[in-house]
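This report concerns only the one structure given below.
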Amino acid sequence: MSHIAERFASLQDRRRTALIPFVTAGDPHPSTTVPLMHAMVAAGADLIELGVPFSDPIADGPVIQRATERALARGVSLANVLSIVRAFRAQDPNTPVVLMGYLNPIEVMGYERFAVAAQAAGVDGALVVDIPPEEGAELVAALRRRGLDLAYLLAPTSTPERIRRIGEVASGFVYYVAVKGVTGAGHLDLGAVAARVSAIKSAISLPVGVGFGIKDVTTAAQVAAVADAVIVGSAIVSRIEALEQSPEAIPGAIAEFLVDLRTAIDAVDAA
Amino acid sequence: MGTAPAILPNPPPLWEPGQVYHWPDAHGHFGPYGGLFVPETLMHPLAELRAAYEHYLGDPEFQAELDADLQDYVGRPSPIYQAQRWSRDLDGAQVYLKREDLNHTGAHKINNTIGQALLARRMGKTRIIAETGAGQHGVASATVAARLGLECVVYMGEVDVARQEANVYRMRLLGARVVSVKSGSRTLKDALNEAMRDWVTNVDDTFYIIGTVAGPHPYPAMVRDFQAVIGRESRAQMLARTGCLPDALVACVGGGSNAIGLFYPFIADEQVAMYGIEAAGEGLATGRHAAPLNAGRPGVLHGNRTYLMEDANGQIIETHSISAGLDYPGVGPEHAWLKDTGRAYYDAITDAEALAAFHTLIRTEGIIPALESSHALAYAAKLAPTMRRDQSILVNLSGRGDKDMHTVSTLEGLVL
């Protein structure tokens with residue numbers, strides 16, 4: 001069983017909905033990220049999604065685009081992101097880390113080389129936004145050989161046939177994109193999300209995380225009632241952006257926000 | 001670059017003579033290139049687009065409407081013009097020009113926007129979006145949107161908005177909303193990113209008209225098929241005019257839609273050499289260029305695998321060309337495949353060489369070419385003297401240079 005699968009199984013035993021924060025690696029500075037990751041775990045994060053900066057992030061809204069630009073301005077590469085994970089692992093052997101990003105940096109590094117380096121650094125899985133199952137067979141195979149999961153997105157536009165197919169190739173978890181749009185976009189329609197998540201859960205056996213559009217504690221709690229994991233990205237990244245000039249305050253401020261999210265989700269889990 | 005070009009390139013490494021050209025395959029691949037590299041939200045809409053496109057491709061009523069529009073609205077067929085004075089000066093092959101510059105809106109772009117807009121209407125979409133660099137595709141999209149009564153939003157990098165004021169005004173006159181894109185390098189690639197983000201968000205009622213033979217499947221094949229009218233006409237016109245096919249085709253390549261439109265109907269004619277010309281900017285050695293086929297390497301961007309301008313970490317790097325229409329870090333995946341197979345040959349022309357050809361054509365033939373097309377002209381000027389007088393070169397004069405008056409006059413120290 002993979003690290004991610006074990007974590008979800010243990011959460012399920014404890015009837016706990018996972019809280020998965022997303023941050024862009026190296027934003028606003030490469031030295032910020034490792035302390036931030038530890039602070040997030042202490043505040044109740046069950047897995048961490050670490051964004052790999054890419055120059056052309058077509059699925060991201062303005063908040064994560066700017067985070068990407070800040071990281072790229074510091075020269076943060078995929079190799080640097082792996083170093084960040086390695087440094088994090090020195091103190092935290094348990095919390096699963098999933099890299100989230102776009103294909104080209106992995107393509108340039110080479111699938112096999114990436115899989116080897118990611119495993120060595122302590123990465124547990126990847127979510128590559130722009131590689132659908134139709135194009136993903138080689139990457140899936142390279143990651144599987146190293147025991148790494150490849151999570152996939154599902155969208156409001158995914159047909160039942162696509163949901164089944166993605167359920168067959170994805171591992172770790174699937175990530176349901178709650179709104180048609182980019183990260184940090186509009187307001188999600190909770191009724192529609194609940195119906196879709198329930199349809200996905202009846203079609204496939206993997207845990208279902210929900211993200212895109214979870215802006216606050218209230219929405220997080222509502223989503224926790226229907227999903228296996230609540231994924232929060234832009235709401236965290238915009239708080240990081242606000243503290244760009246005082247980076248030492250970032251871990252504390254984000255931890256405070258995660259504690260609020262965790263408390264609200266726990267209340268739903270206990271109900 | 002540098003050495004005089006040969007009329008026929010080195011033996012094609014992968015090309016099997018006499019093969020039936022069947023690309024893309026069922027998954028949108030041209031060899032290892034092309035494909036469908038997009039977020040999940042777009043996968044089903046792209047499948048719908050593909051189904052609609054494949055249906056209407058064989059629908060006589062759709063084709064009749066498209067043909068009528070190409071004739072009465074665009075002004076097709078565009079003529080073939082023999083550049084006699086220029087050919088005499090070059091003292092080699094006869095140079096013919098395919099006059100896409102005479103089309104409505106001044107370039108080949110409208111061939112494709114008409115096709116896609118008719119498709120959008122049949123699919124029940126009420127809103128079209130487009131990306132633009134120099135503004136030619138934006139103008140062509142705004143034009144067909146005005147004619148069909150569709151809402152139109154055009155994404156354009158902030159840098160391009162500033163350097164192409166006249167086209168921005170044309171689009172606004174036509175009723176389009178021009179959105180100035182401030183992310184990334186604020187040029188064409190970022191406009192494309194922003195158009196993709198709009199499409200993901202408004203996918204139910206919106207049709208994305210991509211302006212070149214790039215993007216996810218089926219765009220590279222669909223745009224090629226709409227632009228192939230250029231090559232079909234050219235083939236018939238050259239046969240009627242000279243009794244034989246041209247010995248060489250020359251076209252500029254940014255994304256590569258005018259080049260593929262010319263090349264595609266000639267692919268099986270293996271005696272016809274095909275030259276795609278990228279922008280060498282300030283020179284390939286300087287790194288300031290837009291020539292991924294000549295100086296880039298394969299990667300994945302904007303929905304397809306192709307040659308890209310990228311750094312060692314896979315980040316897309318900024319490009320440079322005097323012509324905004326060639327200022328793009330990728331290239332259509334079919335060109336990548338034609339390069340690897342050796343069926344087409346790709347070279348590059350610098351800003352200075354293009355500018356010289358721009359002036360030469362104006363003074364010898366009284367035709368003001370677009371700066372994009374001037375790259376093809378500059379290459380033809382190198383190629384012709386290496387060929388016999390009874391041979392011929394057909395250059396795709398893909399657009400007219402009216403839009404470039406400001407750029408050229410500024411370069412030459414004049415203020416209009």
Side-chain angles (χ1 to χ4, degrees), chain A residues 52-62 65-66 68-69 71-72 75-81 101-110 114 127-136 152-159 161-163 165-166 174-177 179-183 185-186 212, chain B residues 26-29 32 34-48 181-186 189-206 215-217 297-306 308-318 329-330:
Chain A
V52 180
F54 178 53
S55 54
D56 295 82
I58 57 167
D60 286 303
Q65 284 174 45
R66 288 195 298 270
T68 294
E69 286 176 16
L72 287 175
V76 176
S77 66
L78 177 54
N80 297 142
V81 177
Y102 296 81
L103 182 59
N104 202 47
I106 297 174
E107 178 105 350
V108 166
M109 183 177 277
F114 167 69
L127 199 164
V128 184
V129 172
D130 55 350
I131 191 163
E134 285 82 348
E135 303 283 355
Y152 272 99
L153 297 177
L154 285 170
T157 53
S158 302
T159 58
E161 194 200 324
R162 289 196 64 77
I163 291 172
R165 180 163 182 193
I166 287 170
V174 291
Y175 182 143
Y176 179 64
V177 174
V179 292
K180 286 177 195 156
V182 292
T183 52
F212 280 43
Chain B
H27 305 289
H29 295 123
L36 261 167
F37 295 89
V38 293
E40 174 61 21
T41 308
L42 293 178
M43 288 301 289
H44 183 63
L46 282 164
E48 286 182 325
V181 177
K182 296 170 173 59
S183 57
S185 62
R186 295 170 292 135
K189 81 174 177 73
D190 308 285
L192 224 147
N193 293 342
E194 207 56 35
M196 291 266 216
R197 293 178 188 123
D198 179 313
W199 198 29
V200 166
T201 307
N202 302 293
V203 69
D204 293 331
D205 67 347
T206 297
H217 183 57
R297 54 181 185 161
V300 172
L301 178 70
H302 294 151
N304 66 101
R305 181 179 284 122
T306 187
L308 299 175
M309 304 269 294
E310 60 187 359
D311 69 14
N313 297 315
Q315 309 297 347
I316 306 308
I317 56 179
E318 283 189 40

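Labels below follow one simple rule: chain letters A, B, ... track the order of the sequence lines, proteins then strands, and each chain is numbered from 1. Values below: all heavy atoms of this structure, side chains included; hydrogens, waters and symmetry mates excluded.
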Name the option with the most non-hydrogen atom pairs under 4.5 Å to chain A; the candidates are [options].
{"options": "M196(B), Q315(B), R297(B), R197(B)", "result": "R197(B)"}
{"options": "L42(B), V200(B), L192(B), L308(B)", "result": "V200(B)"}
{"options": "V300(B), D311(B), N202(B), L301(B)", "result": "V300(B)"}

Any donor-acceptor pair under 3.5 Å from E69(A) side chain to G184(B) backbone: yes
Part of A312(B) within contact of chain A (heavy atom distance under 4.5 Å): backbone
Basic-acidic side-chain contact under 4.0 Å: R162(A), E40(B): yes
Quick check for you: among [options], which has the greatest number of heavy-atom pairs under 4.5 Å with chain B?
{"options": "M109(A), E107(A), E134(A)", "result": "E107(A)"}
{"options": "S77(A), G75(A), A185(A)", "result": "S77(A)"}
{"options": "P105(A), S158(A), P132(A)", "result": "P132(A)"}

Flag for D198(B)-T201(B): side-chain donor and acceptor within less than 3.5 Å: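 No donor-acceptor contact under 3.5 Å links the two side chains.
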Can you tell which part of [X] gets under 4.5 Å to a heavy atom of chain B, answering side chain, backbone, both or neither?
{"X": "L153(A)", "value": "both"}
{"X": "P57(A)", "value": "both"}
{"X": "I106(A)", "value": "neither"}

Counterpart residues, side chain to side chain donor-acceptor pair (under 3.5 Å), relative to Y102(A) (two or more places apart):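 If we apply the side chain to side chain donor-acceptor pair (under 3.5 Å) test to Y102(A), skipping adjacent residues, the hits are D60(A).
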Residue pair H302(B) / I58(A): nearest heavy atoms and the distance that separates them: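 Smallest heavy-atom distance, with atoms named: CD2-CG2, 4.4 Å.
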Heavy-atom closest contact (G299(B) atom, E310(B) atom, distance): CA-OE1, 4.3 Å
Candidate list V38(B), D204(B), V203(B), T206(B), test side-chain contact (heavy atoms from CB on, under 4.5 Å), partner P45(B), passing option: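 Answer to the side-chain contact (heavy atoms from CB on, under 4.5 Å) test with P45(B) among V38(B), D204(B), V203(B), T206(B): V203(B).
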